[in-house]
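Chain letters run A, B, ... following the sequence lines, proteins first and then strands; every chain starts at 1.
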Amino acid sequence: MRAPNLSIRGMLLLTVGGLTALIALFAAYDVYENGRRLVRIESLRDASVLGDQIFDAVDKLAVERDVALSMLQSTDKDVIQDLKPRLLETRKAADLAMAATVEGLKRYAFAELVDLRDRSLKRLAAIKALRAQVDRDAGLAKAARDHALPGKWSGEVSALIADTDGLWVAFLKHFTDIDPIVSQHLRIKHLLREIIEYSGRERSQIGQLITENVGPTPAQVAALLRGKGAIDLSWQMSRVIAEQSGLYKSIAPAFVDARSHYDTMHEMIQDMFYVPGARHGAAYPISVALWFELSTEASDSLAALRDATIREARKYTDNLMAASRASIVFWAAVLAAALALCAYSFWVIVRRVINPINRMIEALLAAARGETVQFDVGEGRDDEIGKLGDVLHAFHTNAEEIKTAATKLERSESRLRAVVDHTIDGMITIDATGAIISFNPACEGLFGYGAEEAIGQDVRMLVPENEQAVLNAYFLSSIETASGYGEVPPSRELHGRRKNGTIVPIELTLSPYRFDGRQKFSAIIRDITRRKEAEHELAQHTRALERSNKELDDFAYIASHDLKEPLRGIHNHSRFLLEDNGEKLDEESVGRLSRLVFLSQRMERLVNDLLYFSRLGRQELAIQPTDVVGVVTDIESTLELFLSEHNAKIVVGTELPKIVCDKTRVTELFRNLITNAVKYNDAPEKVVEVGWKAAHPTMEGATARNVFYVKDNGRGIDREFHTEIFRIFKRLQAASEKEEGTGVGLTFVKKIVERHGGRIWLESELGKGTTFYFTLEATRDERDSDAQAAA
Amino acid sequence: MNEIATHKLLPSTQPILIVEDSPDDFEATKRAFSKANLRNEITHCESGEAALSYLRGETNAKPGIILLDLNMPGLDGRKTLEIIKNSEELKKIPIVILTTSNDERDVQACYALGANTYIQKPVDFDGLIAAIRRLKEYWFEIALLPKEGERE
């Protein structure tokens, strides 16, 4: 769906207008509905009033008819005289009712009501005429009784009453539409009317019987009892409905009063008919006056109940109308408020948002033309618009700096470009398919392709066919490494193929990287022709050196054999001469021969040491994990006799680590240092301390790590000899018969230390003792981890 | 003397063959034997070839033990050892390598070729005497062992 092309103003109008319209529509609908409801309730209420008036009039007509009838039938002039004022009163009331009815019908023009009114008026006029005649001429009464006039009246009034029933059904229908409670109220009113009507007819019948002073026929009694049953039902129904509609609470006193009057009156009727001794057809012992009093009270209380009911029902209808009016007022107010708010907010938006944005747009356009502008929206606003203004202002004021930065960036990039262009190494960037993306000048020189030729080509064209598989594997392994966190695969040595087909040895370093979400590679290519040559030369030198070593080895072997053989001859001959001719020789000759024997023995030791020394430098170290404590313990046990002879002891000064070294050689190293420490020691009690330190300064002042030491309490060594003592066959003292060393011990020690990649030095003080320090670097890793564990 | 008779002889009565090119060393060895109270008849061959021709000589008494130098001109000790140990006739004679070399490679090579023991010639004469005494003990011990085939 495509969004309509609207400005902010348009969108705001659309949104606010739409919302307002929605609210207004709702409010208007409610106002309309309530108005309509109000009109209907009002009209129906009016119609109801009209109806009530009509029924009232009809009822009064009925009563007047019955009274007039009984009056006409009466022969007692006094009675007639007595009833006159009452009749006049009744007629007056009926006139009033009819006048009111006329007014209501004019307004609402209910056809049926109009018709009813007309007929009511006609009948009333007839009755009026009759009464006038009765007033004028008493003789007419007789004539009326003798003629069928009362019967005719009676039938017409009954038809009128039946008409009102039909009217009633129509009313109920209308009111059910609006409010079920209102219709219930109407039904109550109808029931009450029935009661009133029946009660009136009953009274007039009884009144006639009393006036005529005759007992009722059995048929009359049965009719009365049946009617009583029907009226009781009406009482009950009206009460139930009144309770249902909530009306009963308000009319309860009137209801109870009316019911009790009615019941009293009825009891009276029953008493009259069932008095013991009374018989059918006998005259009743009751005065007309008492009967009228009773029946009038009952009639009044019924009228009061009816009035109360009408009043309360009307109150309810008034409340309904008041609610509708309130709703109309409320929603009209809402509508007005919504419209006002809409107008206000639109005004605010235009002032606070749209206008500032338009100003900013104008300022931006001016800035785009290169003018210096202000983005200040004023009023020190810190809302979104204010911030937008600040940001634009900041952008604008930074424009110069951005320009400078851009220039710098450009320069930086051209510098980088220059590096790539002028570097000796070939640099290529490659995409995931192997196609060349960039090809620097060094590559052009190396491969003979121009950059424009190479770019887009498969990078594999730059290596010979037989090495393309190696290159592919390198690509794959470099991606694997890049996808994890591993290190970049190391460089590979391959061959490059030039454009002219010649092959050149190269070193290739592939670095995968991701750019714009795509896998790419940068390759650095180095021509290693010269390195290869150098490597070749180195290999040749190595071979020469190996040959030379072999020769040296052979030389040592030959020396051991061929030098020793004549030596053995000299020794043996001297011995034999001593043995065979000892007694013939003088003392000096014996001495010289003995010296010859001694010297030949010494010479042998020298040759053996030389041979051993040569092997020490040549043989591979047999590296193994070694417990230095064990080494020192071994030496202690093998030198037990030597130590006790010299009154010496070995002390382990610190914890000794486990290391990785050539155990045999390191044992020899410690043994040499320990025996030296004992041999060149004049102290009465000779103590040799062996230990280890995490760090100790060397002779030059640097700090060495993981240092072993062997410390004695011997003579000490003068500083000037601290280097010299490690030289082969160097002894600090003149050879004596007692000390049989050849002077190679420390040379072996130094050699063993050096073979382990370590170094040895000493600290010494004359007369106090010497400490030899040494490191065994070949074992560094193991000891480092130990040192870390210790830390 | 026939072969069987030779085997039954005690070591002290069996002749010893010394293969040694150096007369000085031969003399020293001979003296050391005497010092070690070994009075056996000693035959001296100055080369490997001479030793082999002596051992193959029909009339010559077979030695109870052979002392063999390694470094000799011509057929040297290693080759001589190899030939003797490959000969059905001679391989049962114990051979002691007596040489100046104490090179690991020599020692291992000799044992591999079937030498019975290996003695490095010391320069010191007393050392040689001690070595010969140890040899004597060793030789007497192996001579008293049951011969091959008799064990079963």
With rounding to the nearest 0.5 Å, note down the distance linking CG in B:L67 to CH2 in B:W139. 9.0 Å
Enter the distance from A:H536:NE2 to A:H541:NE2 here, rounded to the nearest 0.5 Å. 10.5 Å
Mind listing the side-chain donor-acceptor pairs of residues 123-133 of chain B below 3.5 Å, one per line with the distance, residues two or more places apart or on another chain?
residue : atom : partner : partner atom : Å
B:D124  : OD1  : A:H571  : NE2          : 3.1
B:D124  : OD1  : A:Q601  : NE2          : 2.8
B:D126  : OD1  : A:R575  : NH1          : 3.1
B:D126  : OD1  : A:R575  : NH2          : 2.6
B:D126  : OD2  : A:R575  : NH1          : 3.2
B:R133  : NH2  : B:K35   : O            : 3.4

Verify salt bridge (charged side-chain N to carboxylate O under 4.0 Å, His left out) between A:R568 and B:D24, making sure each step is shown before the conclusion. CA-CA 8 Å; A:R568 205 160 51 234; B:D24 288 344; over 6 Å; no
Apply salt bridge (charged side-chain N to carboxylate O under 4.0 Å, His left out) to the pair B:R31 and B:E27, showing each step before the final yes or no. CA-CA 6 Å; B:R31 272 182 183 249; B:E27 193 193 344; 3.6 Å; yes
Using a cut-off of under 4.5 Å for heavy-atom pairs, which of A:I570, A:D580, A:V597, A:L567 has the most such pairs with chain B? A:D580
Please give me the minimum heavy-atom distance between B:H44 and B:E20, naming the atom from each residue. NE2-O, 2.9 Å
Which members of residues 109-119 of chain B, sorted by number, sit under 4.5 angstrom from chain A on a heavy-atom basis? none
